[in-house]
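Okay, so here's the structure we're looking at.
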Amino acid sequence: MSEPETSQLSKAYEPSAVESRWYAYWDAHGYFQAEPEPGRASYCLTIPPPNVTGELHIGHALQHAIHDTLLRWRRMSGLNTLCVPGTDHASIGTERLLTLSLKKQGISKMSLGRDGFVKAAWDWTEKYGGTILKQLRLLGCSYDWRRTRFTMDEGYVRAVLTAFLDYYERGWIYRGSRVGEWCPSCNTSLSDLEVDHEEVLSSLWHIRYPIQGGGSVTVATTRPETMLGDTAVAVHPDDPRHKGHLGKTVLLPVMDREIPIIADPILVDPKFGTGAVKVTPAHDPNDFECGQRNNLPRISVIGKDGRMTEAAGRFAGLDRLEARKQVVDELERLGLLEKVEEYTHAVGHCERCHTIVEPLLTDQWYLRMQDLAALATDAIKSGRVRFFPDRYAAEALRSLENVPEWCISRQLFWGHRLPLWHCRQCAAVTPSIDRPAACKACGSSDLYEDPDTLDTWFSSALWPFAVLGWPDNTPEMEAFYPTNCMITDRQIIRLWVLRMVYSGLHFVKEIPFPDVYIHGTVLTREGVRMSKSKGTGGDPVELINKYGGDATRMSLLLMASKGQDIRFAEERVEGSRRFANKLWNASRFVMMNLANTPLPQSLSPDASWPLEDRWILSRLNRVLETVSRALGEYDFDDAAQALYEFVWNEFCDWYVELAKARFGGPEEDAARVRQVLAFVLETSLRTLHPFMPFVTEEIWQSLRTQLGATGNDSLMVQSYPTADPSLSDDEAEERFSRIEEMVRTVRNLRAQGGAQPAQRVQVYVVPIAEDSIPQVEVPSLTAYLAQLARAELTLLPPKQTGGVPSPSVAGATRFAEVHLSLAGLVDVEKETAKLTREIEAISKELSRVTGKLQNSQFLSRAPAEVVDKERAIEQELKTRKHQIEAQLSRLSQTS
RNA sequence: GGGCGGAUAGCUCAGUGGGAGAGCGCCUCCCUUACAAGGAGGAUGUCGUAGGUUCGAAUCCUAUUCCGCCCACCA
């Protein structure tokens, strides 16, 4: 593919055509691709794999703007840079969406059967899969697309099953029959992390259980329907209210079943309620354990479909919530409902479908967490894995304490089958990736594959190394593992990040990444999390169409402050689009005036160079320092803002304006300004490229074409600028800042004095001291920037206000008085009022400072430099007050 | 019940011990041949509230109110 045409730069920057053109160019030239190069320093990221059927939302846009900025920066900095993209099969999420979609077509999941459903899932994946990855290209993401991985692709499946078998052989994976989370709608078990707890206003029902032989105990419950499965009432052994009840039985109401009153100091808190607790071992994890301790029977009265079972007697077949109503009615009828209180408590909901989860007694596969959690804890505590912002490290450590065993089996079709083969003859389990010929215990060939699939997070936990070829020891693993950073959002720290940390340590014996950057959540302007289901999606593709990929990236980076949440404000994107346009036009101007100036490789300014040249180069050096520091610390907003301000407020507003005057001047000086313009612009483009890759590439290509360069190189493979201390010039910066202040004062006086642009004004500058302003530059630079003819600016000797004609308006800077003679247009009254207001403001400020300096405590305790600074401020305020007072008295004399 | 963020200009947000800032919006002037998608100038704040520490607090401490998030089996 040849270099795109970039000859004529149009007046306004139009992103759409430019962006797709350069993306195709980079892609075709293989600039996104990386190969292992032994001995060469590398930089590697893997993206958090989005759901395969997902679409880009604005949170992704932020996340990937960050990824690609880091990648382009590191790549230009000379590292062998790789980013592996990919998608997640998202078992439960995808299965649910597909089931709903099929239902709309009148097809039920069960009628398709396992094979049919899995085939439909693959079809669905092929149809919608990869949409999101295509959308990432619109943002400019420089990922190695050849290496795109999917958690269900062949190699990845092998990695997952290998990991499973490793754990299994160690005895860390085991079968358990216990009460766990169950979603009756998704019809599968869930891990604790897939359950969202929400506060719900509900009721607390107090039910009287008659004691056999007289009396009663009252128990309270938020789920009255579970009483049908009660197998005991527990009290605290030391509770005097219930001591006499121990050993007796109650007649379970409704069911008329006799159940014992038992003592259980662990389950029962005697300070709560009546001190008596109904025990339902099949429907509550705590009751389950109580049941184990006391050998209680387990009666499942709610089934996997959320309906009451045969064990629920005449309530069998009812939905659990309907059963609740009817049980309450029945209790009321029996006169056993003592009271009903309003009660707020947390109810678990399925993360995917928001159905209320039901604690059910089921057989599941569990992964032992003890050793794995310890690996992650150690890595974080020792600082081998660091979080940015670091507060998330504390949160991560907290969540690693007392991690419950991980329920890894799911009753789903879409996902990785457990590599376990059950023998129909002897019931033994044979672990194997492929179907084994015979049962390892009895040799029978009558085997069937375990029907369960794995929690989707079990596979994503292996992501950073599985995508690099693990379990094989590939060149990619050698070159790129550990990866360098994980960039993701806080919602999945526990679900994913920590699981990658211990998985990496366990399987590869090395951390998967030393840094974890947690970016903020993108919210709506009202502060609500953006989500499709809430209709607050925020489509980044629309933004890109409207403002450009560069502006979308840049605005998000400008807002990405220290991991803070971002209330999305579209005007910020608009602002970044304007910035791109500004850069574009400044570049156009520079190129129009460059003539045949060759691009200098470096510049060595000395004292003989014009002030503004030394100033802009010093400012450039400073911004380079800021950018590299900020990017290194993941302070994207600082880096982006430093560049934004440099380009717009310093280069465009001041330097380019001053350059205009020099093109027609002496040849040597014109040549110098062209050199500096070319150098600063080209360096700025390289520095900005990671933030705004498209527009910088477009400009850079025409710049180099104009400068006579040839070849097919791209900006994205140029070297990243580094700070050059020899450009740093504090003195030039200080002197130039005085020029800026002078110019602003003149402009201000003109505007406030109501001078029309064409109107002649005489400016008199009176320095407060011999060296207070750079005398050489003042007449020329100030006059030029304030749009005056040079003859209309007069630099008077220090303190010689006598040469200023009256009446005039005046302003005070830190270094000089500035007088504007408006040829009879001065409104003395208005000017007097203005100056009086100014004196009031200065006096107020002055009394604050003077008060401070008269405070002996301040003088003795504050650091000397602070005191000195206050003294300087006081001096300056006094001087300005003096200047204005003098001007006031001059005004009164004229009137 | 515990923990973590946030509260600063009309809006979106920077600013962690020493003279309150940016962008957008608003007001005035200007189509000066890079850019009107621009330029110049301007107005705008009891820095959530109340205490405290300090010579000095938007910034540190305590309490408190709202908003958001995370954790937690008290029936």
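Source: prediction; values computed, not measured. Residue numbers begin at 1 in each chain, while the letters A, B, ... track the order of the sequences.
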Inset, instruction - Assess whether side chain to side chain contact (heavy atoms under 4.5 Å, CB included) is satisfied between A:I259 and A:V279, documenting all intermediate values. - result: CA-CA 10 Å; A:I259 57 175; A:V279 184; over 6 Å; no
Inset, instruction - Would you mind reading off the distance between A:D565 atom CG and B:C4 atom C1', rounded to a whole angstrom? - result: 11 Å
Inset, instruction - Using a strict cut-off of less than 4.0 Å between a Lys/Arg side-chain nitrogen and an Asp/Glu carboxylate oxygen, indicate whether A:K278 and A:D284 qualify as a salt bridge. - result: no
Inset, instruction - Name the nucleic acid region contacted by A:E876, choosing base, sugar-phosphate or nothing; use a 4.0 angstrom heavy-atom cut-off, strictly under. - result: base
Inset, instruction - Take nucleotides 70-75 of chain B nucleotide by nucleotide from the 5' end and write B, S or -, depending on whether a protein heavy atom sits under 4.0 Å from the base, only from the sugar-phosphate, or from neither. - result: SSBBBB
Legend entry - Under-4.0 Å side-chain N/O to phosphate OP1/OP2 contact, A:K869 with B:G19: yes
Inset, instruction - Would you mind reading off the distance between A:I58 atom CD1 and B:U12 atom C1', rounded to a whole angstrom? - result: 13 Å
Inset, instruction - Output the single nucleotide from B:C35, B:G25, B:C13 whose closest atom is nearest the side chain of A:R578. - result: B:G25
Inset, instruction - Would you mind classifying the nucleic acid contact of A:E645 as base, sugar-phosphate or nothing, using non-hydrogen atoms under 4.0 angstrom? - result: nothing
Legend entry - Sugar-phosphate, base or nothing in reach of A:P359, heavy atoms under 4.0 Å: nothing
Legend entry - B:A57 and B:G18, which share atom name P, separated by this distance in whole Å: 11 Å
Inset, instruction - Look at the side-chain N and O atoms of A:K11 and state whether any lies under 4.0 Å from the OP1 or OP2 oxygen of B:A36. - result: yes
Inset, instruction - From the options B:U12, B:A34, B:G5, select the nucleotide whose nearest atom is closest to the side chain of A:E571. - result: B:U12
Inset, instruction - Please state the P separation for the pair B:C60 and B:U16 - nearest whole angstrom. - result: 9 Å
Inset, instruction - Could you measure between the two C1' atoms, the one in B:A22 and the one in B:A14, and give it in whole Å? - result: 7 Å
Inset, instruction - Take atom CE of A:M559 and atom P of B:A22, then tell me their distance rounded to the nearest Å. - result: 19 Å
Legend entry - Separation between CG of A:L397 and CD of A:E401, rounded to the nearest 0.5 Å: 7.5 Å
Inset, instruction - Would you indicate which nucleotide in B:A14, B:G18, B:G15 comes nearest to any side-chain atom of A:K562? - result: B:G15
Legend entry - Quiz item: A:Q564 side-chain donor-acceptor pair to B:A14 base, under 3.5 Å: no
Legend entry - Ion pair check, A:K660 and A:E657, cut-off under 4.0 Å: yes
Inset, instruction - Answer yes when A:R744 and A:E741 have at least one side-chain N-carboxylate O distance shorter than 4.0 Å, and no when they do not. - result: no
Legend entry - Pairwise C1' distance for B:U44 and B:U32, with rounding to whole Å: 30 Å
Legend entry - Closest-nucleotide 5' rank along RNA chain B - winner of A:N748 and A:A569: A:A569
Inset, instruction - Sort out for me which residue in A:Y517, A:F388, A:F691 forms a ring-ring contact (aromatic ring centres under 6.0 Å, His included) with A:F636. - result: A:Y517
Inset, instruction - Would you mind reading off the distance between A:L749 atom CG and B:C29 atom P, rounded to a whole angstrom? - result: 19 Å
Inset, instruction - Quick one: pull up SG in A:C652 and NZ in A:K582 and give me the separation to the nearest 0.5 Å. - result: 5.0 Å
Legend entry - Presence of A:K660 side-chain N/O under 4.0 Å of B:A34 phosphate oxygens OP1/OP2: yes
Legend entry - Rounded distance in Å between the P positions of B:C4 and B:U64: 14 Å
Legend entry - Rounded interatomic separation in angstrom, taking CD from A:E740 and P from B:A40: 12 Å
Inset, instruction - Measure the distance from CZ on A:R848 to C1' on B:G56 and round it to the nearest whole Å. - result: 9 Å
Inset, instruction - Have a look at A:Y13 and say if it touches a base, only the backbone sugar-phosphate, or nothing, with a 4.0 Å heavy-atom cut-off. - result: base
Inset, instruction - Answer with base, sugar-phosphate or nothing: what part of the nucleic acid does A:W205 contact at a heavy-atom distance below 4.0 Å? - result: nothing
Inset, instruction - Would you please classify the geometry between the A:W648 ring and the A:F579 ring as parallel, tilted or perpendicular, with 30° and 60° separating the classes? - result: parallel
Inset, instruction - Give the ring-plane orientation class for A:Y655 versus A:F651, where under 30° counts as parallel, over 60° as perpendicular and anything between as tilted. - result: parallel
Inset, instruction - Ignoring the backbone of A:R747, work out which of B:U12, B:G38, B:G41 is nearest its side chain. - result: B:G41
Legend entry - Bracket notation of RNA chain B in which parentheses pair within the strand, [ ] cross earlier pairs, and | pairs with another strand (Watson-Crick or G-U, under 3.5 Å): ((((((((.[[[[.)..(..]]]].(((((.......))))).....[[[[[..)....]]]]])))))))....
Inset, instruction - For residues A:Q292 and A:R298, determine if any side-chain heavy atom of one lies less than 4.5 Å from a side-chain heavy atom of the other. - result: yes
Inset, instruction - Would you classify A:L877 as touching base, sugar-phosphate or nothing, given that sugar-phosphate means primed atoms plus P, OP1 and OP2, and contacts are heavy atoms under 4.0 Å? - result: base
Inset, instruction - Measure the distance from CZ on A:R837 to P on B:A43 and round it to the nearest whole Å. - result: 9 Å
Inset, instruction - Using a strict cut-off of less than 4.0 Å between a Lys/Arg side-chain nitrogen and an Asp/Glu carboxylate oxygen, indicate whether A:R837 and A:E840 qualify as a salt bridge. - result: no
Legend entry - Interatomic distance at C1', B:A9 relative to B:G15, whole Å: 14 Å
Inset, instruction - Answer yes or no: does a side-chain N or O of A:R567 lie under 4.0 Å from OP1 or OP2 of B:G6? - result: no
Inset, instruction - Take atom CG of A:L785 and atom P of B:U32, then tell me their distance rounded to the nearest Å. - result: 18 Å
Inset, instruction - Rounded to whole angstrom, note down the P distance from B:G5 over to B:G10. - result: 27 Å
Inset, instruction - Could you tell me whether A:D638 and A:R629 make a salt bridge, using a distance below 4.0 angstrom between a side-chain N and a carboxylate O? - result: yes
Legend entry - 5' priority, RNA chain B, between A:D638 and A:D653 [closest heavy atom]: A:D638
Inset, instruction - Pick base, sugar-phosphate or nothing for A:R391, based on heavy-atom distances below 4.0 Å to the nucleic acid. - result: sugar-phosphate
Legend entry - Under 4.0 angstrom between A:Q641 side-chain N/O and B:A14 OP1 or OP2: no
Legend entry - Rounded C1' spacing from B:A58 to B:C47 in Å: 4 Å
Legend entry - Proximity to the side chain of A:R744 - top-ranked nucleotide from B:G23, B:G41, B:G18: B:G41
Legend entry - Contact under 4.0 Å: A:W648 side-chain N or O vs B:G39 OP1/OP2: yes
Legend entry - Residue A:V656, side-chain heavy atoms: nucleotide from B:A34, B:G18, B:G5 that is nearest: B:A34
Legend entry - Value rounded to 0.5 Å, distance of CZ in A:R880 from CD1 in A:I839: 11.5 Å
